[in-house]
Structure formats: structure tokens, C-alpha cells
Amino acid sequence: MLSFILRRLVSVAATFIIVSLIIFFMMHSIPGGPFDANDMPVSEAVRAKLMANLGLDQPLYVQYFRYMWGVLHFDFGVPYQSPGETVTQLLSRAWVPSLVLGGLGVLIGAPLGILLGMAAALNRNSWIDYLASTLATLGLTIPVFVTSMLLILVFAVWLNWLPASGWGKPERWILPITAYALIPLATYARYTRSAMLDTLNRPFVTVLRAKGLTERRIVFQHVLRNSAIPLVTVFLPMFIGTATGSIFVEAMFRVPGLGAYFVSSIETRDYPLEMALMLMITFMYCIAYLLSDIVYALINPRIRVGGGQ
């Protein structure tokens with residue numbers, strides 16, 4: 001297991017470097033620059049001075065190595081759209097709403113989805129199964145911005161129970177958390193149903209029933225455990241993807257999270273912020289899949305690293 005973890009850490013480092021190269025050269029290949037905006041035009045002399053001060057007049061390979069050297073020292077530079085703070089300070093400030101709302105959405109939606117999928121699998125071809133499958137399909141096919149508009153229309157406009165947008169008071173969190181939770185709920189309902197039906201049809205379940213074990217013990221101690229691997233696969237990447245901000249959810253509910261900065265960093269050619277966002281997500285996904293592989297072996301001892309070691 002230790003050698004496997006070390007190999008995966010090397011893979012994480014290689015992936016990190018490759019992604020950084022791709023993102024860096026792709027964003028510099030887009031026409032325009034951070035000081036070419038029409039709303040705040042500057043003269044060529046001022047523009048040249050700004051580019052020199054930020055090191056943007058240097059060759060791309062020099063800029064890349066200089067930036068990555070700063071990353072090794074946890075220095076991601078200064079965002080062009082908010083020069084009064086560092087990129088780290090901006091991300092730590094903007095990540096709080098995204099982490100709270102997105103994280104709670106996954107932590108609420110995933111258990112509900114597991115319960116819904118279990119109910120569907122244990123009552124196959126019944127109205128419970130059909131209802132759960134319909135809800136899961138709708139949750140996966142309806143775009144999140146449509147769901148957000150429906151939540152605002154019903155609960156904020158028609159019923160006037162909850163505020164439509166904002167951040168700060170807990171009652172303003174309910175609608176965006178609900179919008180976030182619908183995606184993991186639908187995903188986990190489908191994964192759980194499929195995995196449990198596959199496990200329930202295996203011979204060892206028949207043997208357990210023949211030995212006289214209760215259905216509850218079979219389901220919770222054996223079936224659910226053997227069905228957990230695809231659920232583990234989905235959880236961490238989904239948590240990271242949701243907790244790092246949704247452009248649509250945060251825009252619909254006017255939440256000041258990370259989502260808006262993914263768009264603004266590209267529109268304004270904010271190179272330090274754009275690189276920091278992409279590198280942060282890359283690193284988190286790599287660690288998420290590494291942890292998932294480790295959990296595999298803990299859940300199912302039959303899984304061995306390296307094909308039978």
C-alpha cells in the first residue's frame with residue numbers, strides 16, 4: 001500500500017505540472033491582455049509600464065517558471081481585478097460561501113440519495129422504485145439554473161417563505177443549499193440503486209439468506225458494504241466540484257463565492273487568479289482520487305494494489 005501511495009503521489013505531481021503547462025500557455029494564447037479592456041483604456045506607454053512591472057513582457061517560459069517558483073512558496077501573486085489583496089486572501093475570502101453552501105448541499109443530498117436508492121432497490125418494480133427513478137432522472141436532466149429559478153419562483157415569489165438571494169443570514173442559505181443538494185441526491189439515488197441490485201443478485205446473498213440471516217443484516221452488513229465502492233468513487237470528486245463553487249447557482253442566488261471568479265478571471269485575463277483556481281482544483285481532484293483508492297482497500301479487502309499484491 002505504501003508503494004502504491006508513493007506512485008500515486010508521483011502521478012499527482014506529474015499531473016499538476018502538465019495541467020499547469022496547459023493552462024498557462026492556453027490562457028496566454030487567448031487574444032488580448034489584462035489591460036486591453038474597452039471600459040478602462042490606457043495609453044501604450046502606461047500599458048507597457050504595467051506589463052513590465054508585472055513581468056508580462058518577459059518570454060512565456062520565464063513567466064511560467066517565475067510563477068511556479070512562487071507557487072512552490074505558496075505565493076500565487078496578486079489578482080489584477082483586486083490588487084489590494086493577494087490571490088490567497090481573495091480565495092480564502094470567496095471560498096467560504098461556496099464551501100458552506102456546496103458542502104452542506106452534498107452532505108445533505110448524498111445521504112438522502114443513498115436512502116432513496118436503497119428504497120428503490122429493495123422495492124424493485126414497485127411504485128417506490130418508479131418514483132425514485134423518476135426523481136433521480138429529473139434531478140440529473142434538468143439544468144441546475146432551471147431548478148434554481150423554480151425554487152425562487154415557488155418559495156420566494158409565490159409562497160414568500162424564504163428570501164430569494166443573498167448571503168449572511170442562515171435563512172438565505174436554504175434555497176441555494178437545496179439547489180446544490182439535488183445533484184448529489186439524484187446521482188447517489190441512481191448509483192445506489194444500480195449497485196445494490198447488482199449485489200443482491202450475487203450468489204453470496206442467496207447463501208446468507210439460506211443461513212438464516214435477517215434481511216436487515218444482509219442489507220446493511222453485506223449488500224451495502226459491497227455496493228459502496230461506486231459511491232466512494234463519486235463522493236469526493238462531487239464534494240470538491242460542488243464546494244469550489246457553481247457558476248449558475250451562485251449567479252442565480254447572488255452568492256459571493258468562487259463561481260463568479262472562474263468567469264471573471266478569464267474575461268479580464270487575470271492570469272494569477274486563473275492559474276490559482278485551476279491549480280487548486282487540479283490538486284484537490286488528484287488528492288480526492290488518491291483517497292478514494294485508499295478507501296477502496298479499506299472497504300473491500302479483495303482489492304489489492306498492483307494486481308494481486
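Just so it is clear, the structure is predicted and the values come from calculations on it, not from any experiment. All values below were derived from every heavy atom in this structure, side-chain atoms included, with hydrogens, water molecules and symmetry-related copies excluded.
With rounding to the nearest 0.5 Å, the separation of CD in E267 from CD1 in I30 is 11.0 Å. Separation of atoms OG1 (T178) and CG (L101) is listed at 10.5 Å; rounding is to 0.5 Å. Remark: L182 CG to I142 CD1 distance equals 9.0 Å, nearest 0.5 Å. Here CZ of F24 is found 5.5 Å from CG of L60. Values are rounded to the nearest 0.5 Å. Rounded to the nearest 0.5 angstrom, I17 CD1 and T282 OG1 are separated by 12.5 Å. Interatomic distance, W161 CH2 to I174 CD1, rounded to the nearest 0.5 Å: 11.5 Å.
Checked by atom type and distance alone, the side chain of D198 never pairs as donor or acceptor with a backbone atom of S194 at under 3.5 Å. A donor-acceptor pair under 3.5 Å is absent between the side-chain atoms of S148 and the main chain of M252, judged by distance alone. Judged purely by atom type and a 3.5 angstrom limit, Q58 has no side-chain atom pairing as donor or acceptor with the backbone of Q63. Side chain of S29 to backbone of M26: a donor-acceptor contact under 3.5 angstrom is found. One N or O on the side chain of S92 and one on the backbone of Q89 form a donor-acceptor pair closer than 3.5 Å. Checking side-chain atoms of S265 against main-chain N and O of F262 turns up a donor-acceptor pair under 3.5 Å. The closest donor-acceptor contact from the side chain of R254 to the backbone of A251 lies at 3.5 Å or more, if one exists at all. No side-chain donor-acceptor contact under 3.5 Å links N123 to the backbone of I128.
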Legend entry - Step-by-step side-chain contact (heavy atoms from CB on, under 4.5 Å) determination, M68 to L72: CA-CA 6 Å; M68 294 305 295; L72 291 176; 5.8 Å; no
Legend entry - Derivation of the side-chain contact (heavy atoms from CB on, under 4.5 Å) call for Y261 and S264: CA-CA 5 Å; Y261 288 106; S264 64; 3.8 Å; yes
Legend entry - Worked check of side-chain contact (heavy atoms from CB on, under 4.5 Å) between V12 and Y289: CA-CA 10 Å; V12 167; Y289 284 112; over 6 Å; no
Inset, instruction - Start with the C-alpha gap between L279 and Y67, add the side-chain angles, then the distance that decides, and say whether side-chain contact (heavy atoms from CB on, under 4.5 Å) holds. - result: CA-CA 12 Å; L279 293 179; Y67 183 82; 4.1 Å; yes
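Under the 4.5 Å side-chain heavy-atom criterion for Ile, Leu, Val, Met, Phe, Trp and Tyr, V255 and L153 are members of the same hydrophobic cluster. Residue M284 is grouped with residue L258 when hydrophobic side chains (ILVMFWY) are merged at heavy-atom distances under 4.5 angstrom, including chains of intermediate members. The hydrophobic clustering, which links ILVMFWY residues whose side-chain heavy atoms are closer than 4.5 Å, places I18 and L290 apart. Criterion: ILVMFWY side-chain heavy atoms under 4.5 Å apart, direct or through other members. Under it, V144 and V100 are part of a common hydrophobic cluster. Both I183 and L104 are part of a single hydrophobic cluster, where members link through side-chain heavy atoms under 4.5 Å apart.
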Let me check something: any side-chain donor-acceptor pairs from residues 106-119 under 3.5 Å, sequence neighbours excluded? List them with distances.
none

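The number of heavy atoms from other shown groups lying within 6.0 Å of OH (Y285) is above 12. Within a 6.0 Å radius of CZ in F283, other residues, nucleotides and ligands contribute 12 heavy atoms or fewer. At most 12 non-hydrogen atoms from other residues, nucleotides or ligands lie less than 6.0 angstrom from CZ of F65. Heavy-atom contacts from other residues, nucleotides or ligands closer than 6.0 Å to CZ of R93 number more than 12.
Scanning both residues, A276 and L91, for their nearest heavy atoms gives CB-CD1, 4.1 Å. What you find for A288 and P237 is that their closest heavy atoms are CB-N, 4.3 Å. Counting all heavy atoms, side chain and backbone alike, T199 lies closest to V205 at O-CG2, 3.2 Å. The minimum heavy-atom distance linking S227 with A195 is given by the pair OG-O, 3.4 Å. When all heavy atoms of A189 and A136 are compared, the closest pair comes out as CB-CB, 4.1 Å. A pairwise comparison of heavy atoms in Y80 and Y271 identifies CE1-N, 3.8 Å as the closest pair.
Under the 4.5 Å side-chain criterion, counting only non-hydrogen atoms from C-beta, P272 is in contact with D270. Y130 places a side-chain heavy atom less than 4.5 Å from the side chain of N125. Looking at S20 and Y64, their side chains come closer than 4.5 Å, going by heavy atoms from C-beta outward. Put simply, the side chain of R269 does not reach to within 4.5 Å of the side chain of H28, judged on heavy atoms.
Residue pairs meeting the ring pair (Phe, Tyr, Trp, His ring centres under 6.0 Å) criterion with at least one member in residues 186-234, sequence neighbours excluded, do not occur.
Evaluated for a salt bridge (Lys or Arg N to Asp or Glu O under 4.0 Å) with D129, the options R124, R190, R193 yield exactly one hit, R193.
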